[in-house]
Novice: 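Input: one structure, supplied below.
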Amino acid sequence: MNSGDGSMAKNLLTGAVGVILFLVLWQVIGAYRLAGMGWPTLTSVLDVLATPSRFGTFQRAVTATVRSVLLGYVAGFVMGFGFALLGHLWPRLKVGTDQTTAVIHAIPAIALAPLLIVFFGLAATPIAICALNVFFLVYNATSSGLLSVNNTHGDLFTAYGANRYDRFRWLELPAALPSIAAGLKLAVPAALIGTILGEWFGAPQGVGLLMVAAMQNFQIPMLWSAVLLSVAISLSMMALTSLIEHYVSHRFG
Amino acid sequence: MSVASIQPTAPEPIIGTAGIPAINLDRVGKNFRLDARREVKAVSDVSMNVGKGAFVAILGPSGCGKSTILRMIASLDEPTKGTLSVLGTTPADCAANHRMGIAFQDHALLPWLTIFDNVALPYRLAHLKADPGRVAQLIDLVGLAGFEKARPKQLSGGMRQRAAIARALLLNPDVLLLDEPFGALDAVTRRQMNVELQRIWSEQRTTTLLVTHSVDEAVFLADRVIVMSGRPGHIIREVAIPFERPRHPDVMRTVEFHHLVNELTEALHPTEGTGAP
Ligand SMILES: Nc1ncnc2c1ncn2[C@@H]1O[C@H](COP(=O)(O)OP(=O)(O)OP(=O)(O)O)[C@@H](O)[C@H]1O
Ligand SMILES: [Mg+2]
């Protein structure tokens with residue numbers, strides 16, 4: 001996990017080479033129509049993205065999606081973390097919290113969407129699906145993290161007469177942080193998938209809406225532009241959570 | 001630095017009754033269940049008393065149950081047979097009252113705390129107001145001055161072990177349990193730590209039970225040395241150590257010291273001796 005500086009630079013280099021290869025391949029496949037009409041050249045997609053008259057549309061869509069993702073992400077985190085704490089601090093509730101979470105996760109978001117639309121409205125449904133996805137991952141990461149305490153540390157706290165709360169505050173919680181941070185990183189793609197899915201059901205704004213509209217009008221470069229925008233949102237959130245994870249695993253691991 | 005300047009901050013002992021041994025084991029046995037069929041007999045029929053203010057060392061071959069005995073006294077394991085009391089009460093009560101200091105084979109420092117905060121941890125767990133001066137003094141005493149802000153990861157194995165000992169001494173415990181705390185140290189540091197521990201101990205007379213593999217260490221530090229047999233561990237020999245306190249490191253060069261060391265080594269490895277039974 002803690003790769004040294006040398007191997008980190010090497011990772012970056014291989015990563016960059018990979019990305020460039022991918023982009024070149026994309027352009028070639030598009031230029032020679034190797035994958036049919038649905039695959040535009042990279043340059044035509046970039047053309048769309050760089051059209052000044054579309055900036056307003058893109059900006060509104062990205063703002064709406066980022067807002068939904070962030071709200072859903074935070075709400076999902078708070079619920080998942082809180083629910084996991086509940087099950088951890090009151091072990092009698094643990095079976096209940098585990099099962100509730102498993103059941104919620106087992107219902108496909110597609111099936112829940114009509115209900116969510118009725119409850120929260122079209123505009124808030126992306127937030128709700130995003131929150132549900134994040135909730136599940138954070139719940140699991142927190143629950144397992146709180147149990148990941150090293151045996152000798154547990155013994156130390158017992159021998160020094162730690163009460164339940166102190167054991168949680170000074171041992172279990174810090175020991176759980178690396179797992180929680182890893183869960184937060186894992187939750188980024190899930191959050192974005194949930195939000196875009198929610199937007200497909202007819203949200204008034206968003207990158208997901210842009211995709212649906214482009215698809216229905218067969219504006220292929222536009223569709224790909226929307227996909228690229230969502231990838232950009234996902235990658236920047238991934239970069240941020242990776243930094244947090246790196247710090248936390250270094251400090252608490 | 002003067003050791004006498006380190007003042008106890010722990011609350012008054014829960015019992016002050018003279019005559020009650022600080023640690024009492026009465027025919028204690030411990031079996032570990034491996035699976036539905038198999039059990040390991042780790043300790044069998046161990047009875048011992050550690051008087052208030054006594055320093056007792058336990059020697060014995062690897063796997064004979066020394067750590068198991070210490071863990072039972074620290075309330076970390078339940079005996080299968082017999083009874084066990086600490087300061088006239090159960091080990092669990094004694095631990096809950098923050099009367100114990102403990103240093104394991106494994107330093108058990110928390111990786112996310114600095115050395116200072118690790119040593120100060122017992123204050124937090126006992127809900128006592130932290131005395132930063134005492135923490136600093138103890139860190140100095142174990143030779144870690146300057147490393148207060150370091151994290152355990154940045155220290156050597158021996159330094160971590162010393163931090164764990166400082167932590168064990170912090171609350172001036174009524175019972176100090178040490179499980180090979182110097183096992184990871186080089187010979188020179190180990191001897192230094194022995195001399196230091198002996199000095200601290202001679203002033204505070206904390207009831208101490210030390211598990212060690214070093215016969216020299218046991219004889220230099222303890223009032224009484226207990227030798228255990230191989231598994232299932234039971235007591236095969238008890239030897240009183242007569243040296244005056246405080247003990248000067250020079251006692252380790254006396255004939256009497258060597259005599260005791262030989263006697264105990266013989267008890268530990270009877271086959272190596274000439275007069276094996
Ligand atoms: N949790 C456990 N489960 C099963 N067996 C155990 C457990 N703890 C200890 N034992 C067994 O009990 C015996 C005594 O172990 P213990 O750790 O007390 O030995 P020890 O005298 O401290 O040895 P060492 O000097 O190597 O530290 C060993 O045979 C060990 O395998
Ligand atoms: Mg041991």
Novice: Just by modelled atom types, is the B:Pro61 backbone N or O under 3.5 Å from a matching donor or acceptor in the B:Lys66 side chain?
Specialist: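 Pair found, side chain donor or acceptor close to backbone of B:Pro61.
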Novice: Do B:Leu84 and B:Pro91 come close enough that some side-chain heavy atom pair is under 4.5 Å?
Specialist: yes
Novice: Would you please go through residues 108-121 of chain B and name the residues with a non-hydrogen atom below 4.5 Å from one of chain A, in numerical order?
Specialist: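 Expected list: B:Ala108, B:Leu109, B:Leu110, B:Pro111, B:Trp112, B:Leu121.
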Novice: Mind ranking A:Thr152, A:Asp166, A:Asp155 by heavy-atom pairs under 4.5 Å with chain B and telling me who comes out on top?
Specialist: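 Looking at each of A:Thr152, A:Asp166, A:Asp155 in turn, A:Asp155 comes out on top.
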Novice: B:Arg38 and B:Asp35: salt bridge (Lys or Arg N to Asp or Glu O under 4.0 Å), yes or no, with the steps?
Specialist: CA-CA 5 Å; B:Arg38 288 177 307 151; B:Asp35 52 42; 2.9 Å; yes
Novice: With a 4.5 Å limit on heavy-atom distance, are the side chains of A:Phe135 and A:Val78 in contact?
Specialist: no
Novice: Can you give me the closest heavy-atom contact between B:Thr206 and B:Pro173, atom names plus distance?
Specialist: CG2-O, 2.9 Å
Novice: Measuring heavy-atom distances to chain A, does B:Arg124 have an atom under 4.5 Å in its side chain, in its backbone, in both, or in neither?
Specialist: both
Novice: I want to check something: taking the side chain as every heavy atom from C-beta on, are A:Leu184 and A:Tyr73 in contact at a cut-off of under 4.5 Å?
Specialist: yes
Novice: Might you work through the side-chain hydrogen bond (donor to acceptor under 3.5 Å, both in side chains) test for B:Thr189 and B:Asp186, ending with a clear yes or no?
Specialist: CA-CA 6 Å; B:Thr189 320; B:Asp186 65 283; 2.3 Å; yes
Novice: Okay, side chain of A:Thr195, backbone of A:Cys130: is any donor-acceptor separation there less than 3.5 Å?
Specialist: no
Novice: Where does A:Asn151 contact chain B at under 4.5 Å (heavy atoms): side chain, backbone, both or neither?
Specialist: neither
Novice: Once you measure the plane-to-plane angle for B:Phe55 and B:Trp201, does it fall in the parallel (<30°), tilted (30-60°) or perpendicular (>60°) bin?
Specialist: perpendicular
Novice: Might you confirm whether atom CZ of B:Phe32 has over 12 heavy atoms from other residues, nucleotides or ligands at distances under 6.0 Å?
Specialist: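 Enclosed.
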Novice: If I measure from the heavy atoms of chain A, does B:Leu76 come under 4.5 Å with its side chain, its backbone, both, or neither?
Specialist: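 Side chain of B:Leu76 only, per the 4.5 Å heavy-atom cut-off to chain A.
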Novice: Heavy-atom distances under 4.5 Å only: say whether B:His107 touches chain A with side chain, backbone, both or neither.
Specialist: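 Interface part for B:His107: neither.
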Novice: Select one option (side chain, backbone, both, neither) describing which atoms of B:Arg71 are under 4.5 Å from chain A's heavy atoms.
Specialist: side chain
Novice: For B:Ala168, which atoms come within 4.5 Å of any heavy atom of chain A: side chain, backbone, both, or neither?
Specialist: both
Novice: Using non-hydrogen atoms only, which part of A:Leu177 is less than 4.5 Å away from chain B: side chain, backbone, both, or neither?
Specialist: neither
